[in-house]
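Input: a single structure, listed below in structure tokens.
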2 protein chains.
Amino acid sequence: MTDSPRPTPDRLRALPSRLLGFAALHGDRLVSEGLAAVGARKWHYPVLAALQEYGPASQAELSRRARIYRSDLVAVLNELADDGYVERTPDRADRRRNVITLTDRGRRRLDQLDGLIDTFQGELLAPLTADERDELVRLLTVLVAHHGERM
Amino acid sequence: MTDSPRPTPDRLRALPSRLLGFAALHGDRLVSEGLAAVGARKWHYPVLAALQEYGPASQAELSRRARIYRSDLVAVLNELADDGYVERTPDRADRRRNVITLTDRGRRRLDQLDGLIDTFQGELLAPLTADERDELVRLLTVLVAHHGERM
DNA sequence: CCGTAAACGTTAGTGCGACTAACACTTAGC
DNA sequence: GCTAAGTGTTAGTCGCACTAACGTTTACGG
């Protein structure tokens with residue numbers, strides 16, 4: 001009763017969902033704290049990047065690209081628009097929609113965040129070799145793709 | 001201006017911190033929803049498992065093993081004790097401490113949760129081969145170990 | 001031996017992200 | 001033309017990670 005029954009050796013330490021959780025938490029902290037240092041929040045980067053990569057879009061479309069709920073996107077766009085990184089103009093072809101456009105200022109901001117994000121990924125993956133990083137990304141991509149765009 | 005400037009191809013989709021986040025979120029959902037089906041919460045399993053693997057412990061010690069804040073552990077232990085899975089007795093050798101002990105009922109509960117957790121890990125890693133699963137666990141373990149027990 | 005620092009269990013509270021519900025409005029489809 | 005669906009928005013819920021503070025008890029250095 002004072003000792004362990006030693007039935008199954010450390011399941012906890014090798015539990016994938018747990019490992020994923022800890023790693024993700026740490027990655028999130030790196031990104032969130034790093035972006036906070038320049039006055040940006042976690043979701044600014046995905047939104048700006050999605051705009052640059054696929055061009056102007058409605059908020060609903062942007063919400064799918066960046067995988068952020070459209071209700072939460074509102075606040076993010078308010079912040080980005082307040083800082084002039086993004087323009088929100090009504091779509092005259094479909095008056096339900098707004099068209100979100102990346103401004104020049106937003107492009108420069110994105111460049112800045114790009115550099116930071118790169119740094120954070122480097123810190124996060126520091127203990128892995130280049131091959132291991134690629135393999136990790138590959139495995140995670142398979143996982144994420146398999147479990148779908150459910151949101 | 002109506003088209004994308006195509007400067008850097010999909011950085012978003014290959015961003016490790018993002019992939020980790022999505023994968024972890026999905027794993028968490030599987031576990032949380034699955035455990036909820038039998039009236040357990042996310043933290044019940046790690047606490048019970050840590051108790052079985054390393055034997056009775058104080059709450060502070062348990063908090064380190066299970067990687068849960070000792071302030072949050074209080075509520076978890078209340079629930080586990082209410083259901084008779086765990087006993088909380090004052091430590092007479094060190095009167096600051098409580099000694100948490102796994103009961104027989106707790107052991108049976110842990111067996112049940114063990115089966116469920118195994119199932120969830122299987123679902124989570126479904127698209128990966130056995131080798132890939134091992135490799136993923138290995139890479140994540142390196143990552144988590146490197147970034148330390150900071151909590 | 002005493003006084004200060006540290007560890008412990010506990011309570012309360014903060015902040016944030018994921019997610020749901022409902023709304024007014026506009027467009028799409030039978 | 002009527003209904004169903006999509007859009008932007010507001011408000012609110014829930015759980016988790018995390019901090020602060022407290023009274024109590026033990027450890028430690030002078």
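Keep in mind that this is a model prediction, so the values were computed, not measured. All chains are named by letter (A, B, ...) in the order of the sequence lines, taking the proteins before the strands, and each is independently numbered beginning at 1.
In terms of the side chain to side chain donor-acceptor pair (under 3.5 Å) criterion, B:S32 has no residue partners (sequence neighbours excluded). Every residue two or more places apart in sequence or in another chain that forms a side chain to side chain contact (heavy atoms under 4.5 Å, CB included) with A:A23 is listed here: B:L20, B:L140, B:L143, B:V144. Partners of B:Q59 under the side chain to side chain donor-acceptor pair (under 3.5 Å) rule, at least two apart in sequence or in another chain, are B:R88, B:N98. For A:P46, the side chain to side chain contact (heavy atoms under 4.5 Å, CB included) test picks out A:W43, A:A66, B:L12, B:R18, with sequence neighbours left out. Considering only residues two or more places apart in sequence or on other chains, B:R108 meets the side chain to side chain donor-acceptor pair (under 3.5 Å) condition with none of them. For B:R97, the salt bridge (charged side-chain N to carboxylate O under 4.0 Å, His left out) partners two or more places apart in sequence, or in a different chain, are B:D94. When the side chain to side chain donor-acceptor pair (under 3.5 Å) test is applied to B:R95, no partner is found at least two apart in sequence or on another chain.
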Please enumerate all protein N or O atoms sitting under 3.5 Å from an N or O of nucleotides 1-5 of chain C, with distances to 0.1 Å.
none

Filtered N/O pairs between nucleotides 9-13 of chain D and protein, under 3.5 Å:
unit_1: D:dT9; atom_1: OP2; unit_2: A:Q59; atom_2: OE1; d: 2.7
unit_1: D:dT9; atom_1: OP2; unit_2: A:Q59; atom_2: NE2; d: 2.8
unit_1: D:dT9; atom_1: OP2; unit_2: A:R88; atom_2: NH2; d: 3.4

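Of all the residues in residues 35-43 of chain A, A:R41, A:K42, A:W43 reach under 4.0 Å from DNA chain C with at least one non-hydrogen atom.
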_Footprint string (nucleotides 24-30 of chain C, 5' to 3'): B base within contact, S backbone only, - free, heavy atoms under 4.0 Å_ = --BS---

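Under the salt bridge (charged side-chain N to carboxylate O under 4.0 Å, His left out) criterion, the residue pairs touching residues 122-143 of chain A are A:E132-B:R138, A:E135-A:R138, A:R138-B:E132, with sequence neighbours excluded.
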